[in-house]
Amino acid sequence: MKLLKELCSVLGVSGDESRIKRFIFDYVTSESDNWLVKPKVISGEDFQENIILVFGEPKLASYCHIDTIGFSTRYENQLVPVGGPVTESGFKLVGEDALGFIECELVVDDENRLFHDFKRPIQRGTNLSFKTDFIETKNYVQSNYLDNRLGVYAMLKAAEKIENGVIVFSTWEEHGGGSVPYLCRYLYEQFKISKSLISDITWVTDGVKHGDGVAISLRDRNIPRKNYLDKILELTEESGVPYQLEVEASGSSDGRELQQSPYPIDWCFIGAAESNVHSPKEKVHKSDISSMIELYQYLFKYLK
């Protein structure tokens with residue numbers, strides 16, 4: 001879990017993903033010589049803070065967002081949420097402005113307004129993240145930002161065995177999206193990729209439990225194409241990887257932007273389930289992490 005712990009500690013609030021981009025880029029550069037296939041790395045100004053890894057002759061892409069929820073500093077110690085973080089007085093926050101490192105606590109007043117208690121004014125527009133307190137036990141990991149640093153972790157581990165395919169590390173997902181439309185356009189026009197997966201983290205609910213396998217979402221606020229889902233479920237049965245099915249009426253992911261794009265792209269959300277969603281104490285069962293990695297490796301091999 002060393003890599004996962006490191007991923008969770010890198011700052012990357014939506015719109016401010018340069019640090020986590022650099023971490024992923026450096027990791028791929030140092031480790032990919034040991035992978036089954038060394039991918040072509042596509043990045044640069046035309047792709048902003050996004051990274052695309054192209055393996056072999058790809059027919060399938062997995063999208064994995066690298067940003068997190070957090071807070072932006074405003075005026076008079078005020079904070080504005082980025083995405084939908086849980087807000088509770090006493091949560092520890094970290095960040096950095098031109099005057100130095102910041103560690104403070106979140107303060108929620110009686111009118112649910114958000115503030116910080118740092119000893120000096122923080123420069124306006126500075127992003128603050130939950131401070132990392134990574135806890136690993138026999139069966140669980142608990143940390144801030146398992147959503148979606150665990151999705152990133154799963155893709156970096158799956159990448160070790162991918163022969164053909166694309167991994168897309170996308171941005172802005174927690175605060176409305178915006179990068180996937182031009183990323184999927186590039187992949188469709190360059191490689192005619194029309195099959196995709198969403199490597200993200202979902203919720204423990206009354207029907208999705210810790211330790212019952214990776215969750216395959218049949219729908220959330222958006223509905224994937226059933227013929228495509230049926231192919232994935234057939235392959236998942238063949239794989240023998242433990243899984244559970246999710247059906248929800250709310251929630252969304254990068255899959256929404258794929259479905260709304262002007263391209264005929266199928267998508268399916270596949271990810272481990274967590275409790276304490278969008279808090280500093282997100283919690284996932286380790287067996288579900290293993291199932292997630294194994295299933296992605298299998299689908300990249302057999303989903304045509």
Side-chain angles (χ1 to χ4, degrees), residues 1-30 43-45 47-51 65-136 141-153 156 169-176 178-179 276 278-282:
M1 297 286 113
K2 178 177 180 292
L3 173 59
L4 179 57
K5 182 178 180 180
E6 291 175 342
L7 285 164
C8 290
S9 68
V10 181
L11 303 183
V13 175
S14 289
D16 187 20
E17 298 96 344
S18 60
R19 295 178 185 86
I20 185 64
K21 174 192 175 181
R22 172 54 58 184
F23 182 94
I24 295 169
F25 186 91
D26 289 346
Y27 180 86
V28 172
T29 300
S30 66
S43 65
E45 284 300 312
F47 296 91
Q48 298 179 316
E49 270 64 60
N50 305 280
I51 301 175
H65 76 86
I66 65 175
D67 61 304
T68 69
I69 54 173
F71 304 87
S72 299
T73 56
R74 195 169 179 249
Y75 327 122
E76 305 296 332
N77 291 1
Q78 299 172 52
L79 294 175
V80 180
V82 178
V86 172
T87 55
E88 181 180 311
S89 290
F91 282 168
K92 295 186 182 301
L93 305 176
V94 294
E96 186 175 2
D97 65 8
L99 299 178
F101 179 74
I102 299 160
E103 181 170 339
C104 56
E105 290 189 358
L106 175 64
V107 178
V108 185
D109 72 6
D110 292 339
E111 298 179 12
N112 286 320
R113 295 177 299 182
L114 307 180
F115 301 87
H116 66 79
D117 69 351
F118 198 50
K119 58 189 176 183
R120 65 165 171 83
I122 300 175
Q123 291 180 324
R124 295 178 181 183
T126 300
N127 289 316
L128 301 180
S129 303
F130 291 135
K131 183 180 180 180
T132 302
D133 181 18
F134 192 94
I135 299 172
E136 179 182 0
V141 289
Q142 177 180 292
S143 178
N144 62 323
Y145 301 140
L146 293 179
D147 177 8
N148 185 38
R149 299 305 167 75
L150 180 50
V152 174
Y153 173 80
L156 290 175
F169 295 105
S170 65
T171 54
W172 284 325
E173 192 272 351
E174 293 289 4
H175 200 78
S179 67
N276 307 326
H278 282 192
S279 82
K281 299 180 180 180
E282 296 177 340

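Quick caveat, the model's predicted, so the values are computed rather than measured. Throughout, numbering of the chain's residues begins at 1 and tracks the sequence.
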Could you go through D67 and T171, starting from their C-alpha distance and side-chain angles, then the distance that decides it, and tell me whether this counts as side chain to side chain donor-acceptor pair (under 3.5 Å)?
CA-CA 6 Å; D67 61 304; T171 54; over 6 Å; no

Quick check: do L146 and C8 have side-chain heavy atoms less than 4.5 Å from each other?
yes

Counting C-beta onward and ignoring hydrogens, is there a side-chain heavy-atom pair between F169 and K21 closer than 4.5 Å?
no

Does the D97 side chain pair with the main chain of Q123, one donor and one acceptor, at a distance under 3.5 Å?
yes

Side chains of F134 and S9: closer than 4.5 Å at any heavy-atom pair?
no

Check whether any side-chain heavy atom of T68 lies under 4.5 Å from a side-chain heavy atom of I20, and answer yes or no.
no

At what distance, to the nearest 0.5 angstrom, does CG of L7 lie from CZ of R149?
7.0 Å

Is a donor on one side and an acceptor on the other found under 3.5 Å between the side chain of Q48 and the backbone of S179?
no

Heavy atoms, side chains only, cut-off 4.5 Å: are T73 and I102 in contact?
no

For S14 and V82, work out which heavy atoms get closest and say how close.
CB-CG1, 3.8 Å

Please check: side-chain N/O of S279 versus main-chain N/O of K281, any donor-acceptor pairing under 3.5 Å?
yes

Roughly how far, to the nearest 0.5 Å, is the CG atom of N144 from the CD atom of E282?
7.5 Å

Considering non-hydrogen atoms only, spot the tightest contact between F115 and Q78 and give its length.
CE2-CG, 3.8 Å

Closest heavy-atom contact between S129 and L11?
OG-CD2, 3.5 Å

Do L128 and C104 come within less than 4.5 Å of each other through their side chains, counting heavy atoms only?
yes

Could you check if a side-chain atom of V108 sits within less than 4.5 angstrom of a side-chain atom of F91, using non-hydrogen atoms only?
no

Roughly how far, to the nearest 0.5 Å, is the CD atom of E49 from the CG atom of D16?
8.5 Å

Is there a donor-acceptor pair under 3.5 Å between the side chain of N127 and the backbone N or O of V13?
no

For a 4.5 angstrom cut-off between non-hydrogen side-chain atoms, does D147 reach H278?
yes

Tell me the closest heavy-atom pair linking V94 and E103, and the distance in Å.
CG1-CG, 4.1 Å

H175 side chain to G83 main-chain N or O, any donor-acceptor pair under 3.5 Å?
yes

How close do P81 and F71 get, counting heavy atoms only, and between which atoms?
CA-CD2, 4.1 Å

In this structure, CZ of R74 is separated from CG of L114 (nearest 0.5 Å) by 11.0 Å

For Y145 against I69, the heavy-atom pair lying closest together:
OH-O, 3.0 Å

Between CD on residue E17 and CH2 on residue W172, distance to nearest 0.5 Å:
7.5 Å

Report yes or no: do N50 and S170 form a side-chain donor-acceptor pair below 3.5 Å?
no

